[in-house]
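FYI, side chains are in, hydrogens and waters are out, and symmetry mates aren't considered; it's all heavy atoms of this structure. For ligands, and for the atoms within them, numbers begin at 1 and follow the listed sequence.
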Amino acid sequence: MNEVHRPVLAANWKMHKGPREAASFMEGFLNLHPPARGAIVVIFPPSISLVAARHAALARTDIEFGVQNVHTRESGAHTGAVSAPMAADAGATWGLAGHSERRHEFGDTDEMIGRRLAMLADSGLRPVLCVGETLEERENGQLESTIRRQVEAALGQVPQSRQESVLYAYEPVWAIGTGLAASETDASEAHGIVRDAVRGTLRSGGAPSGSAGSATGDEHITVLYGGSAVPSNASDLLAAPGIDGLLVGGASLEPESWAAICAARG
Ligand code: PEP
């Protein structure tokens, strides 16, 4: 993990916890997690539970909230959808785009993911672009080409002035929810590929305005790791080169295990 930057520890609750359960989780978690522990803690509840979770943590400015998905448009006749400006209005300051469950279960294409990412960035949310290969792609030697395609297609759609606000999560599909986390070596290698793909995209479209680092390649590109991160492997993952934080699904659902991950140090 980069010494200068605080790790980002992000909880993706997926389709778990309605408003009451979300509020009671927050109560339990906040008792276990004292303020100012150094990490940036972000929770991504289902959007229907965002306000309740946030309300339960109003006294704690060290905890931030995000949405798991947004529509590609600001408003309109899109039954069942939530837009990025609405999420911001509800108190979200972060948003995910491109989670593999969105790609595989809901058919999100690289093009749609890019538009969601742009919408998050335009609405002032911190976008997190999730990328990662399937087991088949890894076994076919397509790790690098898959990550490059996903990064280039999505980041290329974000206006240059906003590209530097994007964070990345490397989430190998074979590691999500399987109990088989990537090794630190494999994760570090993939994070290097993500960074390289980001730099390449920034350069090909020109450096984002105001980002002096982009031209020289010394900008900080934040890349989180996701895929079966649990309390017992969190410290090792956070200590691995190039891993700036964790995006956690299953182990973020209980206050105890989530607090243990938030207490992990790289
Ligand atoms: C995720 O869905 O983003 C994830 C990383 O899940 P899990 O931690 O359960 O593997």
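- Remark: ligand 1 atoms within the under-4.0 Å shell around heavy atoms of G250 are 7 (P), 8 (O), 9 (O).
- Per-residue contacts place G227 under 4.0 angstrom from the following atoms of ligand 1 (heavy atoms of the residue considered): 5 (C), 10 (O).
- The atoms of ligand 1 that sit less than 4.0 Å from any heavy atom of G177 are 7 (P), 9 (O), 10 (O).
- E101 pairs in a side-chain contact (heavy atoms from CB on, under 4.5 Å) with only one of the listed residues (E171, K14, M15, Q68), which is K14.
- Proximity of I176 to ligand 1, defined as any heavy-atom pair under 4.0 Å, is shared by backbone and side chain alike.
- F25 and W13 have their aromatic ring centers within a separation under 6.0 angstrom.
- Looking at I221 and D244, their side chains never come closer than 4.5 Å, going by heavy atoms from C-beta outward.
- Proximity of P231 to S257: side-chain heavy atoms (C-beta onward) are separated by under 4.5 Å at one or more points.
- Looking at V248 next to ligand 1, no N or O pair under 3.5 Å apart turns up.
- Applying the 4.0 Å criterion to heavy atoms of K14 picks out, from ligand 1, the atoms 1 (C), 2 (O), 6 (O).
- Applying the 4.0 Å criterion to heavy atoms of A175 picks out, from ligand 1, the atoms 10 (O).
- Without hydrogens or angle criteria, S188 side chain to A240 main chain gives no donor-acceptor distance under 3.5 Å.
- Ligand 1 places these atoms under 4.0 Å from at least one heavy atom of H99: 1 (C), 2 (O), 3 (O).
- T178 contributes a side-chain N or O that, together with a main-chain N or O of A175, makes up a donor-acceptor pair within less than 3.5 Å.
- The ligand atoms of ligand 1 that sit less than 4.0 angstrom from a heavy atom of S228 are 7 (P), 8 (O), 10 (O).
- Nearest-heavy-atom check against atom 6 (O) of ligand 1 across G249, S100, A169 picks out G249.
- At distances below 3.5 Å, at least one donor-acceptor pair connects side-chain atoms of Y225 with backbone N or O atoms of G227.
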